[in-house]
Q: 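Take a look at this one; I'll ask things after.
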Amino acid sequence: MLAKDIAQRYRQITQSVAHACAQVQRSPDDVLLLAVSKTHPADNVLATYTAGARDFGENYVQEGVEKIEVFDELQPDNQAVWHFIGPLQSNKTRPVAEYFDWVHAVDRLKIAQRLSEQRPASRTPLNVCIQVNIDDQASKSGCTPVDAVELALQIVALPNLNLRGLMAIPAPIDAQADETVQRAPFIALRTLFERIKQQLPAEHAARFDTLSMGMSDDYAQAIAAGSTMVRIGTAIFGARQYPQ
């Protein structure tokens, strides 16, 4: 896909997100559009940056690190914010702690501890979200809602992490289902978010402000349920190209 086409698609999605916000009387400033750039080349990512995107989501450690290095070389005043949104193994935490600004998929204490220990002293605390398996899918990563409460209290005790909120990847929605059914997992995550926020110490509760939920096929329902960050990949960059 040509760079100009990707830029146009990014602008169209920006408008669609703003429209989804208006439909539920929310300001578009309350919802961050995260461009999920995994498997797409750095040139395509740069096209969205030129069009105004600043936040990018990567699922694979080495691929993400390479893109970050490219941006640092090509953009002297680089303002890109890099989010690691894929499952994270404990042996891959160091480059994530060193290069990324956010991690969305923290689902156990061991990962959080390693990220905190490996965050360079020269960088600000790493923003993290707890990934919750909100509808108990066997194929999805994430802790249970019950475990998320205890994990949140453990993370805020770690010195180099900044607990920002929760993330979930619900099962694909049924387009024929009632809106109440479509929004149910998102509302469940928002309810859990509010419960955790009430239990955090005041200084940490003030920074606990992120509901990372909603993707290309369901972001409108997620926004209606209270999402503050939608992760959009296919609708911007087209179908992903995985290696054979």
Side-chain angles (χ1 to χ4, degrees), residues 21 24 26-27 29-34 55 57 81 83-88 90 93 96-97 100-117 119 124-171 173 180-215 218-219 221-231:
C21 290
V24 291
R26 295 185 64 193
S27 168
D29 294 336
D30 294 338
V31 181
L32 177 71
L33 172 55
L34 176 60
D55 288 80
V81 178
H83 301 243
F84 190 80
I85 61 175
L88 183 56
S90 59
T93 54
V96 172
F100 284 82
D101 304 292
W102 286 70
V103 178
H104 288 230
V106 176
D107 60 1
R108 56 196 187 278
L109 180 59
K110 180 180 180 181
I111 294 295
Q113 289 172 328
R114 289 178 66 86
L115 290 170
S116 181
E117 292 165 0
R119 185 67 168 175
T124 57
L126 180 64
N127 296 301
V128 300
C129 291
I130 295 171
Q131 182 174 357
V132 181
N133 192 342
I134 198 65
D135 44 12
D136 195 27
Q137 297 179 74
S139 62
K140 285 290 189 296
S141 301
C143 63
T144 68
V146 171
D147 290 341
V149 179
E150 179 62 24
L151 182 56
L153 295 173
Q154 293 169 328
I155 288 175
V156 297
L158 298 174
N160 297 315
L161 300 184
N162 184 12
L163 180 62
R164 296 296 300 272
L166 304 179
M167 184 271 265
I169 308 173
I173 64 173
T180 301
V181 174
Q182 293 182 6
R183 295 176 186 175
F186 299 125
I187 291 174
L189 190 72
R190 187 189 70 194
T191 301
L192 177 63
F193 170 89
E194 292 168 350
R195 180 154 64 93
I196 291 175
K197 189 177 182 73
Q198 291 175 353
Q199 297 187 43
L200 294 176
E203 62 182 297
H204 297 288
R207 297 194 294 266
F208 193 72
D209 58 3
T210 300
L211 269 172
S212 173
M213 58 185 193
M215 299 187 290
D218 59 12
Y219 65 85
Q221 299 299 342
I223 288 171
S227 174
T228 66
M229 187 184 298
V230 291
R231 308 181 304 272

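Only this structure's heavy atoms are used, side chains among them; waters, hydrogens and symmetry mates stay out.
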Q: Could you tell me whether the side chain of Thr228 reaches within less than 4.5 Å of the side chain of Arg26, counting heavy atoms only?
A: yes

Q: Look up atom CD1 in Ile85 and atom CD1 in Ile169, then write down how far apart they are to the nearest 0.5 Å.
A: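 Result: 7.5 Å between the selected atoms.
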
Q: Report the residues that fulfil ring pair (Phe, Tyr, Trp, His ring centres under 6.0 Å) with Phe186, sequence neighbours left out, ordered by chain and then residue number.
A: none

Q: Rounded to the nearest 0.5 Å, what separates atom CE in Met213 from atom CD1 in Ile223?
A: 9.5 Å

Q: Check whether Arg190 reaches the backbone of Ala225 with its side chain - one donor and one acceptor, N or O, closer than 3.5 Å.
A: yes

Q: If you measure from CG on Asp101 to CG on Leu126, what distance do you get to the nearest 0.5 Å?
A: 8.0 Å

Q: Do Thr144 and Asn133 have side chains that approach each other closer than 4.5 Å (heavy atoms only, starting at C-beta)?
A: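 Side chain of Thr144 against side chain of Asn133, heavy atoms only: no contact under 4.5 Å found.
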
Q: To the closest 0.5 Å, what do you measure between CG (Leu32) and OG (Ser227)?
A: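 Taking CG in Leu32 and OG in Ser227, the distance rounds to 9.0 Å.
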
Q: Could you tell me if the side chain of Trp102 sits less than 4.5 Å from the side chain of Leu34, heavy atoms only?
A: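 Contact flag for Leu34/Trp102 side chains = no.
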
Q: Atom CG of Asp209 and atom CG of Asp30: how far apart are they, to the nearest 0.5 Å?
A: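 One finds 11.0 Å between CG of Asp209 and CG of Asp30.
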
Q: Can you see which heavy atom on Leu161 is nearest to which on Ala112, and at what distance?
A: CD1-O, 3.3 Å

Q: Show the nearest heavy-atom pair for residues Ser116 and Asn160, with the distance to one decimal.
A: O-ND2, 2.9 Å

Q: According to salt bridge (Lys or Arg N to Asp or Glu O under 4.0 Å), who are the partners of Asp147, at least two apart in sequence or on a separate chain?
A: none

Q: With sequence neighbours excluded, tell me which residues meet ring pair (Phe, Tyr, Trp, His ring centres under 6.0 Å) with Phe100.
A: Phe84

Q: Do you know which two heavy atoms are closest between Pro201 and Val156, and how far apart they sit?
A: CD-CG2, 4.5 Å

Q: What closest approach, in Å, do Ala152 and Ile196 show between heavy atoms, and which atom pair accounts for it?
A: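 Of all heavy-atom pairs spanning Ala152 and Ile196, the closest is CB-CG2, 3.6 Å.
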
Q: Nearest 0.5 Å please: distance from the CG atom of Leu166 over to the CD1 atom of Ile130.
A: 6.0 Å

Q: Just by modelled atom types, is the Ser212 backbone N or O under 3.5 Å from a matching donor or acceptor in the Thr210 side chain?
A: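 Not confirmed, Thr210 side chain does not pair with Ser212 backbone.
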
Q: For the residue pair Leu88 and Thr93, establish whether any side-chain heavy-atom pair is separated by less than 4.5 Å.
A: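 SC-SC contact between Leu88 and Thr93 confirmed.
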
Q: Kindly indicate whether the side chain of Ser90, heavy atoms from C-beta on, has any atom under 4.5 Å from the side chain of Ile111.
A: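 Heavy-atom side-chain distance check passes, below 4.5 Å.
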
Q: Would you say Val149 and Leu192 make side-chain contact, with heavy atoms under 4.5 Å?
A: yes

Q: Minimum heavy-atom separation for Gly226 and Leu211, please, with both atom names.
A: O-CD1, 3.7 Å

Q: Please name the pair of heavy atoms, one in Asp135 and one in Pro185, separated by the smallest distance, quoted to 0.1 Å.
A: OD2-CB, 4.4 Å

Q: Of all residues at least two apart in sequence or in a different chain, which pass the side chain to side chain contact (heavy atoms under 4.5 Å, CB included) check with Ala157?
A: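 None.
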
Q: What pairs with Arg108 under salt bridge (Lys or Arg N to Asp or Glu O under 4.0 Å), at least two apart in sequence or on another chain?
A: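 Expected list: none.
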
Q: Do the non-hydrogen side-chain atoms of His83 and Asp55 ever get within less than 4.5 Å of each other?
A: yes

Q: With side chain to side chain contact (heavy atoms under 4.5 Å, CB included) as the criterion, how do Gln182 and Asp218 come out once you've worked through the C-alpha distance, each side chain's angles and the decisive distance to 0.1 Å?
A: CA-CA 9 Å; Gln182 293 182 6; Asp218 59 12; over 6 Å; no

Q: Can you confirm whether Leu189 sits close enough to Met167 that some side-chain heavy atom of one is under 4.5 Å from a side-chain heavy atom of the other?
A: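 No, too far: nothing below the 4.5 Å cut-off.
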
Q: What pairs meet the side chain to side chain donor-acceptor pair (under 3.5 Å) rule with one or both residues in residues 193-204, with sequence neighbours excluded?
A: His204-Arg207

